[in-house]
Amino acid sequence: MRADADDRGRSDSDPGRDPAVVGRVVHSRTLGSMVELTVLVPGWRAARSGEFAMIRLVGSRRFLPRAFSVHSERPAEAGESGTRVAFLISPVGPATIELMAASKGSEVWVVGPLGRSFDIDALSRSEIGAGERWGGAGSRLLIVAGGVGAAPFLLLLERLADRVRASAPRAAEVLVLLGFRDSPQAAVLDAFEPPLAALDALGMRARMETICEDGSFGREGLVTDLLSEELSDGDALFCCGAHAMCEAVWDLCRTREAVRAWFSLEAGMACGVGSCQGCVIPMADGRLVRVCREGPVFSGEEAFGESGHPCVVGGGGS
């Protein structure tokens, strides 16, 4: 099956076509063990869910930028020029810890938005279940994420609300399944409550279920435990998280009929525009692809193939 994400990265993300700009930090919010960092970026083009930006503090000793999914967008406030772009940052290493500590007014080097996104429009172009069209009474979109993999889906919920307001084809229900390591990581849930409430106010069924590995927040277990209970024939699914979790999610998708799934895959990136070849990974058919350029979003068939994987279903970390 062809991937129903964009066929390639944005044409304007070619090397040389997306020069770095310098933005500045306008807001920082601590969400448990993570930080939501908002940067005012001049000349920013509207992002699609799943796209990312390469960012680095100006003057940092960390030579290479880091890739972060676009978490949310807001228009500039009075007296500002540009777009307020938010990134969700988890403390992985020195560079991310440095960004998490950035104070208001700090300058940030930004390239983006980049990459291949989750394609909401593709859902309305395909059939679900027994010939039912997307937007019918039984159509559902499941959003599955583990930890900081939740980052791209706040923007997705905001874009879904825009579609409802525009009377565009949409799912009858959106179900968000989020898994976390512990309660400090689960604090990011606070960011998801407003867009879910907005969808509900617009008359679209939207709900969220969460689970925590250590049981310190709500139910104990993995996000794949939730998915095994919720997944139904004909569902569409968007997923982001650790590679093992994505494989386990795909294995579950293969146990149902006519489930379509797309995954945002992780890889270390140095340039973000396909020049350095540092994020090359193999696809199921043996092709080598650059996650930053041909991805980061791939269909399940593309990434993992038609058959299951040796990993144990439910064994993916979240």
Side-chain angles (χ1 to χ4, degrees), residues 29-36 49 68-69 71 88-93 96-97 100 118 140-157 171 173-197 199-200 205-233 235-256 259 261-266 300 303-304 308-318:
R29 177 169 64 145
T30 299
L31 296 168
S33 61
M34 293 186 269
V35 164
E36 185 185 72
S49 175
F68 294 94
S69 296
H71 184 50
L88 188 63
I89 304 176
S90 181
V92 175
T96 51
I97 292 172
M100 291 173 71
F118 292 106
R140 294 201 312 167
L141 173 62
L142 274 59
I143 294 170
V144 181
V148 75
F153 295 126
L154 185 64
L155 181 64
L156 179 69
L157 294 174
E173 180 182 4
V174 173
L175 174 57
V176 180
L177 304 178
L178 301 180
F180 300 101
R181 180 179 58 250
D182 50 32
S183 55
Q185 198 179 63
V188 73
L189 292 173
D190 291 345
F192 283 82
E193 292 175 357
L196 287 168
L199 286 171
D200 187 65
R205 296 197 303 273
R207 62 186 174 97
M208 179 168 60
E209 300 289 341
T210 62
I211 197 165
C212 196
E213 286 184 31
D214 67 359
S216 60
F217 180 89
R219 180 176 167 184
E220 181 179 354
L222 302 172
V223 73
T224 44
D225 297 332
L226 292 178
L227 182 61
S228 65
E229 298 169 359
E230 296 283 355
L231 187 64
S232 298
D233 295 348
D235 284 342
L237 184 146
F238 291 161
C239 180
C240 183
H243 195 85
M245 188 205 83
C246 290
E247 283 193 351
V249 167
W250 178 242
D251 286 343
L252 280 171
C253 291
R254 301 301 299 162
T255 67
R256 307 294 194 274
V259 172
W262 295 267
F263 298 83
S264 179
L265 301 183
E266 298 177 348
F304 307 120
H309 285 77
C311 66
V312 177
V313 171
S318 61

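For this chain, numbers begin at 1 and follow the sequence in order. None of these values were measured; they are calculated from a predicted model.
At least one donor-acceptor pair closer than 3.5 Å links the side chain of S216 to the backbone N or O of S183.
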message: I'd like to know whether L222 forms a side-chain contact (heavy atoms from CB on, under 4.5 Å) with E213, so could you lay out the CA-CA distance, the side-chain angles of the two residues, the decisive distance to 0.1 Å, and finally the verdict.
response: CA-CA 6 Å; L222 302 172; E213 286 184 31; 3.6 Å; yes
- request: Step by step, work out the side-chain contact (heavy atoms from CB on, under 4.5 Å) result for L237 and R256.
  value: CA-CA 12 Å; L237 184 146; R256 307 294 194 274; over 6 Å; no
message: Working note: F217 + F180, criterion side-chain contact (heavy atoms from CB on, under 4.5 Å); need CA distance, chi angles, decisive distance, verdict.
response: CA-CA 9 Å; F217 180 89; F180 300 101; 5.7 Å; no
query: Under the side-chain contact (heavy atoms from CB on, under 4.5 Å) criterion, do V259 and L142 qualify, and how do the steps go?
result: CA-CA 10 Å; V259 172; L142 274 59; over 6 Å; no
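C246 approaches S264 most closely through the heavy-atom pair SG-O, 4.4 Å. The two atoms that bring D235 and R140 nearest to each other are OD2-NH2, 2.7 Å, heavy atoms only. The minimum heavy-atom distance linking A145 with V223 is given by the pair O-CG2, 3.8 Å. Here the closest non-hydrogen pair linking V148 and L88 is CG2-O, 3.8 Å. Shown here for S33 and M100, the closest heavy-atom pair between the two residues is O-CE, 3.4 Å. Closest of all the heavy-atom pairs between R219 and I211 is O-CG1, 3.4 Å.
Applying the ring pair (Phe, Tyr, Trp, His ring centres under 6.0 Å) criterion to F238, with sequence neighbours excluded, gives F118, W262.
Within the 4.5 Å cutoff, side-chain heavy atoms of C239 are placed close to those of M245. Counting heavy atoms from C-beta outward, V176 and L157 have side chains that approach closer than 4.5 Å.
Note: E220 CD to D214 CG = 7.5 Å, rounded to the nearest 0.5 Å. Distance check: L231 CG to T224 OG1 gives 11.5 Å after rounding to the nearest 0.5 Å. Residue I89 holds its CD1 atom at 11.0 Å from CG of L31, rounded to the nearest 0.5 Å.
For the side-chain contact (heavy atoms from CB on, under 4.5 Å) test with L178, the passing option among E209, Q185, M208 is M208; the others fail.
Ring centroid separation for the pair F304 and H243 comes in under the 6.0 Å cut-off.
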